[in-house]
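Heavy-atom basis, side chains included; hydrogens, waters and symmetry copies ignored.
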Amino acid sequence: HLCDQALAVLAAARLPDFGSVWIDDDDALEARYGVRVPVLRRDDGAELDWPFDEAAVRAFTQSS
C-alpha cells in the first residue's frame, strides 16, 4: 500500500515519466532497500526515501 500512496504523491507532484523497479525477487535490492521502500532514485544516484510529499518530490527532482 505504500507504493500506491507514493504513486499518488508522484502524480500530484506531476512527476514526469519514471521507471519502476520491484525488489521482491532480487536479494541484493531487498538487502539494500528493505524497509526503505518506496525510494525515488535519480540518475546521479541520489535517493529520496519514503515518506515524502509533493514538495519533497519537486525539490528532489529539481536539485540534480
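- Asp53 is linked by a side-chain contact (heavy atoms from CB on, under 4.5 Å) to Ala55, Ala56, counting only residues two or more places apart in sequence or in another chain.
- Within the model, atoms CD of Glu54 and CG of Leu15 stand 11.0 Å from one another, a figure rounded to the nearest 0.5 Å.
- Of all the heavy atoms in Phe52 and Ala6, the pair that sits closest is CZ-CB, 3.8 Å.
- Under the side-chain contact (heavy atoms from CB on, under 4.5 Å) criterion, Gln5 pairs with His1, Leu2, Trp50, not counting sequence neighbours.
- Linking Ile, Leu, Val, Met, Phe, Trp and Tyr residues whenever their side-chain heavy atoms come within less than 4.5 Å places Leu48 and Val9 in a single cluster.
- Contact of the Arg58 side chain with the Arg14 side chain is not registered, since no non-hydrogen atoms from C-beta on lie closer than 4.5 Å.
- Taking each heavy atom of Glu30 and Asp24 in turn, the nearest pair found is OE2-O, 2.5 Å.
- In terms of hydrophobic clustering, with Ile, Leu, Val, Met, Phe, Trp and Tyr side chains grouped at heavy-atom distances under 4.5 Å, Tyr33 and Val21 are assigned to a common cluster.
- Closest heavy-atom contact between Ala46 and Phe60: O-CZ, 3.3 Å.
- Shown here for Leu7 and Phe18, the closest heavy-atom pair between the two residues is CD2-CZ, 3.7 Å.
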Task: Full working for side-chain contact (heavy atoms from CB on, under 4.5 Å) between Val37 and Asp49 - done: CA-CA 7 Å; Val37 293; Asp49 293 356; over 6 Å; no

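- Looking only at atom types and distance, the side chain of Arg42 has no donor-acceptor partner in the side chain of Thr61 under 3.5 Å away.
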